[in-house]
8 protein chains.
Amino acid sequence: MGSTSDLPVMQDAIDVLKELQIETEVDVVSAHRTPEKMFEFGKNAHNRNIAVVIAGAGGAAHLPGMVASLSPLPVIGVPVKSSNSIDGWDSVLSILQMPGGVPVATVALNGAKNAGILAAQIIGASDEVVRNRIIDYKESLKQKVTDAAASMKANG
Amino acid sequence: MGSTSDLPVMQDAIDVLKELQIETEVDVVSAHRTPEKMFEFGKNAHNRNIAVVIAGAGGAAHLPGMVASLSPLPVIGVPVKSSNSIDGWDSVLSILQMPGGVPVATVALNGAKNAGILAAQIIGASDEVVRNRIIDYKESLKQKVTDAAASMKANG
Amino acid sequence: MGSTSDLPVMQDAIDVLKELQIETEVDVVSAHRTPEKMFEFGKNAHNRNIAVVIAGAGGAAHLPGMVASLSPLPVIGVPVKSSNSIDGWDSVLSILQMPGGVPVATVALNGAKNAGILAAQIIGASDEVVRNRIIDYKESLKQKVTDAAASMKANG
Amino acid sequence: MGSTSDLPVMQDAIDVLKELQIETEVDVVSAHRTPEKMFEFGKNAHNRNIAVVIAGAGGAAHLPGMVASLSPLPVIGVPVKSSNSIDGWDSVLSILQMPGGVPVATVALNGAKNAGILAAQIIGASDEVVRNRIIDYKESLKQKVTDAAASMKANG
Amino acid sequence: MGSTSDLPVMQDAIDVLKELQIETEVDVVSAHRTPEKMFEFGKNAHNRNIAVVIAGAGGAAHLPGMVASLSPLPVIGVPVKSSNSIDGWDSVLSILQMPGGVPVATVALNGAKNAGILAAQIIGASDEVVRNRIIDYKESLKQKVTDAAASMKANG
Amino acid sequence: MGSTSDLPVMQDAIDVLKELQIETEVDVVSAHRTPEKMFEFGKNAHNRNIAVVIAGAGGAAHLPGMVASLSPLPVIGVPVKSSNSIDGWDSVLSILQMPGGVPVATVALNGAKNAGILAAQIIGASDEVVRNRIIDYKESLKQKVTDAAASMKANG
Amino acid sequence: MGSTSDLPVMQDAIDVLKELQIETEVDVVSAHRTPEKMFEFGKNAHNRNIAVVIAGAGGAAHLPGMVASLSPLPVIGVPVKSSNSIDGWDSVLSILQMPGGVPVATVALNGAKNAGILAAQIIGASDEVVRNRIIDYKESLKQKVTDAAASMKANG
Amino acid sequence: MGSTSDLPVMQDAIDVLKELQIETEVDVVSAHRTPEKMFEFGKNAHNRNIAVVIAGAGGAAHLPGMVASLSPLPVIGVPVKSSNSIDGWDSVLSILQMPGGVPVATVALNGAKNAGILAAQIIGASDEVVRNRIIDYKESLKQKVTDAAASMKANG
């Protein structure tokens, strides 16, 4: 993530990855304040046995796109609605609208939970154990809705 | 893709996947006009040895999100700027803003080329041969920029 | 509705339909978490003596459009301004901008009350008793404004 | 419709209603230039054996909402992207965002075809013959997609 | 104004008109709930010695434009940011974007104070006494800024 | 107007004022390139027997607001959609959103015709001859719609 | 700044300029309420040994652009998100979208801190002592991120 | 600039800098395709006797912000409206909305000419010869408007 102020949002990714039993490394790397660290990270991530990168940032959010430019790994971008953001549009557009050649897999505004699930799905694309956890996870979502519907009807 | 009218945009994904030597299956599946076919496809894709799904659609674009709801595979969504779209905002927001639990890896408006590269990166997360092709591909992008800069300077 | 979190908004539809004496069935059906239930519902609604469907959902709101794709009944869509919505634009556009062939009758953001009235008007299109209730309802709106204006003037 | 300049858009509604064999009356009624005619029309439509009103207008589009305020019938609003419109947002928002009590069933920008289908679905809510035509119509959409997919595959 | 809920905003117009000693009539007239009263008002205002109409409304705000269509008087429109408004865009665009032939003099979102001043300026266009009050009013604005600047400097 | 490039849009105001027989003075005054001329104009307009000012400008359009700050006369602002404008939003918002104390009577994007009519209505607020021309003008609009409707019906 | 209500935002510029030891003059100059003072200021600033002007304003924010039109100095504009602003878009666009010939160096919404740093960078363009303070300042930003990352890891 | 496709827009900056006799270096540096070259450039620019950097880019435009993060020099950002841009909003917001600490002096969409003038103004902040050229340049703008106004009047 680009700043510790993004932690309340990004925690959702950490939590769901834990729930899906995916090993996770968490760090603060700022595109604008620690560009050298970001460079170092981006250039070497794929040599450090990392499979997927999740990068969250707000405002003119350059971290996801810059890591994507430096790394051959799939990079998931989480637009964070920071204070002074213009309703989140700045974060969304500066992550989503990457030029041809350098994709960022963008999720919803503040959608860190979905970033975690998407990372697990990417690993599950070649790892059947992880994919089955995804299948179970989706089943549990279904169950929650069914339970909520039943409880709502019970309460009239 | 949701309609054959999306083909001019989606062709970029097919082309780059061919260039990166990733086997590809192309079909037209409309969330709104062939919902049963979409259901069938989404439910079974992971059993048919498919690793990643790319879904492109325009307007109120439900295809990527619905396939993501039906499949445990990573789904890449391409917002297509269709005629009568409100400047593409409808396609972007109805693909990007998925609720917690069901991510779609969204790329830029009309960004089918990036969808293809992202699909290759996802496969490359566990396949070093593909990842090396990505590294070579990025090197070729760099070369093109360097050449263009040199040619611009040569021409004053 | 797509989630029990939509209930505070959707309750307005339930209330006004009760006031207009229209029989109502309320359920939680999530396009993304219970797609099979949605399929079942959409395919069979017109065989279960249902005349109109009201579907409310937020964010990338696919429920109204997907039910409209599955059912020959008129479907009314209520864009719900969910948390993490981008000011409601996502809900509005992903319900409103349906492709040619599959309409959703969209009402205002959080406009569940109007969805209820519209459902009654649709029934009233062929049922004079219901239409007369609509006429009375509109008369009561007029009376409220007239009373408020009179009270404002009385209070200077 | 509010102006003859809306005819190229609104013709789609006329055509699909003809295809679905729904009797149609077409007129130009301007909220801003012929308000008395609009008043007359809105007040009396339900006494003239009309079941549904389709009103299309662009810019600050007041026709659909004003007819809805004057008539107990369901009113379908078609936002038309007129010249000098701000990308269609003005038409969409001034039709969609009606206050509580006076709904307009809004369809997509320039979505006159869907307005026609929705009108037929509203009539079909109580008329099984019309509903079956809707079912057939949807079947024909499916067939077109299936044919297009087959033809695309045949052409490689 | 279109609803008593607009009063907190519209009070600014009443106050500034009082300050500028312009005689004022205040009423609630809803385009959508009391269309007949609006018609009556719009058709007759210029015969009742009224010089300018100020109309405030929110959401799909049709009151200013409809009065403008019914009356030869200059009509000032105040977009009110109502609850469930989409950030005020709906009010602004449905008042501002009137078609050729029927202008509404639109002021800023919630800008009722400016509507009052503009009304006085319109009267002042032919009435030198009122115009001089405007000149004095502007002078007082200048004085307030000068005083505030001086006080800020005094406080360091 | 702020630039001769605004003339094609602003010509509509000149034409309708001629049609309504209002004496008109046309000049190019740029807030950003000829600020002294603008100052001179704004400070003295009300002493030169001018009743209303129409100011059209595009982009960050400061002319209408600056003239309004300098003059006690009513100022009508025409947002012009210039090249490189961001869809006209810049012109609209920098004219409409004036602070409390300094109103600009804003008309639709490129709505110079309505600016001319509004200027006539302002003069007509105290001049019955001009007001009657407005009444006739509105009658002619009505006639045009009625004729167009009749001709459309005649042509099937 | 255009109003004392902008002070809470603009204070960030004053603070960072103090930290970077740049001499600063603070005043309230309103484009719309004290246009003569603004004129005076803009015309003479470059003769008063001022190197850079920072102008902050909200809504239809004309102060930065008008000072830029009057002065040959670089002018930095700070869009302030005032109450009744439409999400800040009005301030941003009326400062940013200046016509060719009259630039304003625009920073982020409420970005007064960055305006201060940019002013120091402009002075540092020709003053190595100031530039070195910028280099130190940026180093301190880096250190803060590094410390925050370390502290986050220490806290698990 | 980030791509040779930005040249038609960026040429305006080159031209005006030539006109103002400022020495200029032009290069293509892509944040996403040649990140190492950008790093090199950003880290060393201030040691190469460069006073100001102008960086133009489109879409998710990271070049201006990244150079600003790497260099203590003032960086001017030009949002370029590239093909597939969402009306230029992406370029504008990803350049403008930089976080506290790392400013980019942003000019209007496609406003390369203003970027050139602003660069000259920055140099002119400490160089009276350049400042006088700016004063002359502004005088020539004024003359052009005055001439255009005279010619318009001559032509009626």
Side-chain angles (χ1 to χ4, degrees), chain D residues 1-6 28-43 55-72 75 77 79-106, chain E residues 1-6 28-43 55-72 75 77 79-104 106 109:
Chain D
M1 74 197 78
S3 159
T4 46
S5 67
D6 300 332
V28 177
V29 180
S30 166
H32 299 124
R33 288 170 295 167
T34 62
E36 294 85 359
K37 186 177 175 185
M38 176 188 74
F39 235 74
E40 211 57 27
F41 175 84
K43 281 299 209 188
H62 299 179
L63 182 64
M66 285 310 301
V67 173
S69 99
L70 293 163
S71 170
V75 175
V80 175
K81 188 170 178 176
S82 54
S83 68
N84 282 336
S85 165
I86 307 188
D87 294 314
W89 292 114
D90 38 16
S91 321
V92 165
L93 292 175
S94 54
I95 294 178
L96 182 72
Q97 286 292 98
M98 290 293 291
V102 189
V104 169
T106 312
Chain E
M1 74 197 79
S3 158
T4 47
S5 68
D6 299 332
V28 178
V29 179
S30 166
H32 299 124
R33 287 168 297 167
T34 63
E36 293 87 358
K37 186 178 175 184
M38 177 188 73
F39 234 74
E40 210 57 29
F41 175 84
K43 282 297 209 187
H62 298 179
L63 182 65
M66 285 310 300
V67 173
S69 99
L70 293 163
S71 170
V75 175
V80 175
K81 190 171 176 176
S82 54
S83 67
N84 281 337
S85 165
I86 306 189
D87 294 314
W89 293 114
D90 38 15
S91 321
V92 164
L93 292 175
S94 54
I95 293 178
L96 182 73
Q97 286 293 96
M98 290 292 290
V102 189
V104 169
T106 312
L109 188 61

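Note on naming: letters A, B, ... go to the chains in the order of the sequence lines (proteins, then strands), and numbering restarts at 1 for each one. Keep in mind that this is a model prediction, so the values were computed, not measured.
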- Query: Is a side-chain donor or acceptor of His62(E) paired with a backbone partner of Met98(D) at a separation under 3.5 angstrom?
  - Reply: no
- Of Val92(E), Leu93(E), Ile95(E), Asp90(E), the residue whose pairing with Asp90(D) passes side chain to side chain contact (heavy atoms under 4.5 Å, CB included): Leu93(E)
- Query: Can you tell me how far CZ of Phe39(E) sits from CZ of Phe39(D), rounded to the nearest 0.5 angstrom?
  - Reply: 5.0 Å
- Given the options Ala31(E), Gly59(E), Ser3(E), which has more heavy-atom pairs under 4.5 Å with chain D than any of the others? Ala31(E)
- Let me know if Ile86(D) has heavy atoms under 4.5 Å from chain E in its side chain, its backbone, both or neither. both
- Message: Rounded to the nearest 0.5 Å, what separates atom OG in Ser69(E) from atom CE in Met38(D)?
- Response: 6.5 Å
- Message: Quick check on Glu36(D): does its CD atom have over 12 non-hydrogen neighbours (other residues, nucleotides or ligands) under 6.0 Å away?
- Response: yes
- When the 4.5 angstrom heavy-atom criterion is applied to Ala57(D) and chain E, the contacting part is neither
- Query: For Ala61(E), is it the side chain, the backbone, both or neither that has a heavy atom under 4.5 Å from a heavy atom of chain D?
  - Reply: backbone
- Note on the structure: Under 4.5 Å to a heavy atom of chain D? For Ser91(E) that would be neither
- Query: Based on non-hydrogen pairs under 4.5 Å, which of Lys43(D), Gln97(D), Arg33(D) is most in contact with chain E?
  - Reply: Gln97(D)
